[in-house]
Amino acid sequence: MKLSFTLLLGVVLSCCSACGNSVNANKSNTESAPTSTVLGAFNADSAYANVARQVSFGPRVPGSEGHAACRGWIVDKLKATNPDTLIVQNAEVTAFNGDVLPISNIFAGYNMASPKRVLLVAHWDTRPWADKESTAADRAKPIPGANDGGSGVGVLLEIARNLAMKSPQVGVDILFVDAEDYGQSDGFSDNSDTWCLGSQYWVKNMTPYTLRNRPAYGILLDMVGARGARFHYEIFSQTEARVPTIKVWSEASKLGYSDVFVREKGAPVIDDHIVLTKAGIPTTDIIESQNPETTSFNPTWHTLDDDMDNIDRATLKAVGETVLNVIYKEKIQ
C-alpha cells in the first residue's frame with residue numbers, strides 16, 4: 001500500500017462534508033471508561049503467535065518457498081475452524097515490471113445461509129524490496145513483513161477461531177488477498193493499478209458471490225500490530241465507506257480504545273479497500289497512516305526492521321476485540 005496524493009485531491013471536497021456529517025473527524029479523542037462489553041474471546045497471545053509463525057516462513061513474496069509454506073499453513077488454520085466454505089483461488093498476474101506472479105487468494109465463509117454478510121480482509125504477501133532502506137544492497141532485500149502482511153492475517157485467524165466457537169447472527173467471510181505489495185513506488189505518478197493485484201483479480205472473479213449475496217460491507221486490516229499504533233480515519237474509507245467506518249471507530253470508543261482508534265482525519269491510502277469498494281462492497285481500512293515520527297506509515301514500513309520486535313499484543317488486542325465486537329453486534333435487519 002502507499003499514500004496517494006492523487007486520491008487526496010479527488011476526495012478532499014467530499015471529505016470536508018463527511019467530517020461534519022456521518023463521520024466526525026474533529027471529535028474529541030480522550031480516553032474514557034468502556035461502555036461496551038467485550039464479546040467473544042479474542043486472545044492477543046494467539047494472534048501474536050499467528051504473526052510470529054508467518055514471519056518464521058521468511059518473506060512471503062509470491063513464488064517463493066516462504067509464500068508456498070505460508071499458504072499451506074493459512075489454509076490448515078482455516079480448516080481447523082470448520083468454515084462452511086473454503087476456497088483457494090489460484091491464478092497468475094503480471095506485475096508492473098513484467099514479473100509473472102503465482103498468487104492465491106484464500107476465502108473462508110462462515111454461516112453461509114445468512115442473507116446478510118460482512119467481509120473481513122487482509123493481505124498475506126510481503127514486499128519483495130525493502131525500498132525504504134538507506135543502502136542499495138538493503139533495498140534489494142525482501143522485508144520480513146511482521147506488521148505489513150503478518151499482523152492483519154494474525155488477527156483475522158484469531159477471529160476465525162472465535163467464529164468456530166460462537167457463530168454471529170450474520171454471515172462472516174474472511175478473505176486473504178495476495179500480491180498487494182508488489183506495486184511500483186518510484187516516480188511521481190500514482191501507479192495505483194500496480195498495487196493490490198490479488199484483490200483486483202478477485203473482484204473480477206468474485207467467488208463465491210453473486211450480485212444478490214455480496215457482503216453489506218467490508219473491513220480491511222493492514223499494518224495493525226505495531227507498538228503504539230494509532231488508527232485515524234483513512235480518507236477514502238471516510239467518504240466512500242461511511243457505514244463500516246462509523247461502526248468500527250464507534251465500537252472502539254465504546255470498548256475504551258479511543259486512544260488507539262483516533263477519530264480524526266488520516267491520510268488517503270492506496271490499498272485493497274479501494275478495489276473492494278469500487279466493486280460494490282464498501283470497505284473501511286484500519287491502517288496506521290499518521291505516525292508521529294514519519295507523519296505517514298510506521299517507521300518500519302518497507303524496511304528490514306518490520307519484524308517481531310515491533311509487534312505489540314496490546315495493539316493486536318485493540319483491533320481484534322473491536323472488529324469481533326462489530327460482527328457479533330451485527331443484526332440481520
Side-chain angles (χ1 to χ4, degrees), residues 1-4 47-48 50-62 64 66-67 70-71 74 95 101 103 105-106 120-133 138-157 175-185 191-192 194-199 219-232 234 266-275 285-291 293-313 315-316 319-320:
M1 76 302 301
K2 65 188 293 258
L3 296 176
S4 171
Y48 183 91
N50 290 337
V51 181
R53 184 61 173 143
Q54 293 170 82
V55 174
S56 74
F57 293 121
R60 281 83 68 203
V61 177
S64 68
H67 184 262
C70 189
R71 177 183 60 224
I74 290 174
L101 310 176
I103 68 166
N105 295 321
I106 306 168
L120 307 180
V121 188
H123 78 90
W124 67 278
D125 64 302
T126 55
R127 182 75 170 158
W129 316 283
D131 43 352
K132 293 302 179 181
E133 285 290 346
D138 283 343
R139 287 194 294 271
K141 299 175 182 177
I143 69 167
N147 192 33
D148 192 0
S151 61
V153 174
V155 170
L156 291 189
L157 286 175
L175 175 64
F176 297 121
V177 291
D178 207 347
E180 185 273 348
D181 232 343
Y182 217 98
Q184 183 176 358
S185 61
N191 299 319
S192 61
T194 70
W195 301 81
C196 308
L197 300 181
S199 57
I219 303 173
L220 172 63
L221 282 63
D222 197 350
M223 297 195 291
V224 294
R227 184 172 291 104
R230 300 291 181 266
F231 306 108
H232 296 68
E234 190 277 327
V269 180
I270 296 297
D271 209 346
D272 293 302
H273 68 301
I274 294 180
V275 178
D285 193 1
I286 304 175
I287 187 169
E288 183 181 13
S289 65
Q290 290 288 311
N291 184 276
E293 181 177 336
T294 65
T295 68
S296 60
F297 297 133
N298 190 272
T300 66
W301 176 65
H302 289 187
T303 74
L304 300 178
D305 290 329
D306 185 7
D307 56 25
M308 292 304 297
D309 289 342
N310 189 46
I311 300 299
D312 186 10
R313 291 172 176 83
T315 305
L316 298 172
V319 174

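What you are looking at is a predicted structure, and each value in this text was computed from that prediction instead of being measured.
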- Chi angles and distances behind the side-chain contact (heavy atoms from CB on, under 4.5 Å) call for Thr315, Tyr48: CA-CA 10 Å; Thr315 305; Tyr48 183 91; over 6 Å; no

- Task: Can you see which heavy atom on Thr300 is nearest to which on Asp305, and at what distance?
- Result: CG2-O, 3.6 Å

- Message: Please determine whether side-chain contact (heavy atoms from CB on, under 4.5 Å) holds for the pair Ile106 and Leu175, giving the CA-CA distance in whole Å, both sets of side-chain angles, and the decisive distance to 0.1 Å.
- Response: CA-CA 6 Å; Ile106 306 168; Leu175 175 64; over 6 Å; no

- Query: Do His302 and Phe297 touch side chain to side chain, with heavy atoms closer than 4.5 Å?
  - Reply: no

- For Ala47, which residues count as a side chain to side chain contact (heavy atoms under 4.5 Å, CB included) partner, sequence neighbours excluded? Phe42, Glu158, Leu316

- Rounded to the nearest 0.5 Å, how far does CG of Leu156 lie from CH2 of Trp124? 14.5 Å

- Message: Quick one, Glu180 and Asp222 - any side-chain contact, counting heavy atoms below 4.5 Å?
- Response: yes

- Close side-chain approach of Asn147 and Ile311, heavy atoms under 4.5 Å: yes

- How many angstroms lie between atom CZ of Phe176 and atom CG of Leu221, to the nearest 0.5 angstrom? 9.5 Å

- Taking side chain to side chain contact (heavy atoms under 4.5 Å, CB included) as the test, write out the residues that go with Ser56, two or more places apart. Arg53

- Query: Can you name the closest pair of heavy atoms from Ile103 and Gly198 and give their distance?
  - Reply: CD1-CA, 3.9 Å

- Backbone N/O of Gln184 and side chain of Thr194: donor-acceptor pair under 3.5 Å: yes

- Residue set satisfying side chain to side chain donor-acceptor pair (under 3.5 Å) with Lys132, at least two apart, ordered chain then number -> none

- Task: Heavy atoms only: give me the nearest Gly228-Arg230 pair and the separation to one decimal.
- Result: O-NH1, 3.2 Å

- Query: Looking only at atom types and distance, does a side-chain atom of Ser199 sit under 3.5 Å from a main-chain N or O of Val177, one as donor and one as acceptor?
  - Reply: no

- Decide yes or no on side-chain contact (heavy atoms from CB on, under 4.5 Å) for Val153 and Asn50, but give the supporting numbers first. CA-CA 8 Å; Val153 174; Asn50 290 337; over 6 Å; no

- Message: Counting C-beta onward and ignoring hydrogens, is there a side-chain heavy-atom pair between Ile274 and Ile270 closer than 4.5 Å?
- Response: yes

- Among side-chain atoms of Asn310 and Asn298, is any donor-acceptor pair under 3.5 angstrom? yes

- Task: Would you check if the side chain of Thr294 reaches a backbone N or O of Pro299 as a donor-acceptor pair within less than 3.5 Å?
- Result: no

- Message: In terms of relative ring orientation, are Tyr182 and Trp129 parallel, tilted or perpendicular, with 30° and 60° separating the classes?
- Response: perpendicular

- Task: Specify the closest pair of heavy atoms between Ser64 and Pro59, including all atoms of both residues, with the distance to one decimal.
- Result: OG-O, 3.5 Å

- Item | Asp148 side chain near Asp181 side chain, heavy-atom distance below 4.5 Å | yes

- Mind running side-chain hydrogen bond (donor to acceptor under 3.5 Å, both in side chains) on Asp178 and His67 for me, showing each step along the way? CA-CA 10 Å; Asp178 207 347; His67 184 262; 2.8 Å; yes

- Asp306 side-chain N/O to Pro144 backbone N/O, donor-acceptor pair under 3.5 Å: no

- Side-chain donor or acceptor of Asp312 paired with backbone N/O of Arg227 under 3.5 Å: no

- For Ser151 and Val224, indicate whether the former's side chain and the latter's backbone hold a donor-acceptor pair under 3.5 Å. yes

- Item | Residue from Val275, Asp285, Leu120, Val269 passing side chain to side chain contact (heavy atoms under 4.5 Å, CB included) with Leu220 | Asp285

- Note on the structure: Shortest non-hydrogen pair, Cys196 vs Asp271, comes out as SG-C, 3.4 Å

- Donor-acceptor pair, side chain of Arg60 and main chain of Gly145, under 3.5 angstrom: yes

- Query: Taking all atoms of both residues into account, what is the closest heavy-atom pair of Ala267 and Ser289, and its distance?
  - Reply: N-OG, 3.2 Å

- Note on the structure: Taken in chain and number order and not counting sequence neighbours, the residues that satisfy side chain to side chain donor-acceptor pair (under 3.5 Å) with Asn291 are Glu288

- Message: Within the structure provided, determine whether Trp195 and Ser185 are in side-chain contact (heavy-atom separation under 4.5 Å).
- Response: yes

- Those residues at least two apart in sequence (or on a different chain) that pass side chain to side chain contact (heavy atoms under 4.5 Å, CB included) with Glu133 are Ala130, Asp138, Arg139, Thr303, Leu304

- Query: In Å, rounded to the nearest 0.5 Å, how long is the span from NZ of Lys141 to CD1 of Ile143?
  - Reply: 14.0 Å

- Item | Heavy-atom donor-acceptor pair, Asp125 side chain to Val61 backbone, under 3.5 Å | no

- Task: For Arg127, enumerate each residue passing the salt bridge (charged side-chain N to carboxylate O under 4.0 Å, His left out) test, keeping only those at least two apart in sequence or located in another chain.
- Result: Asp131

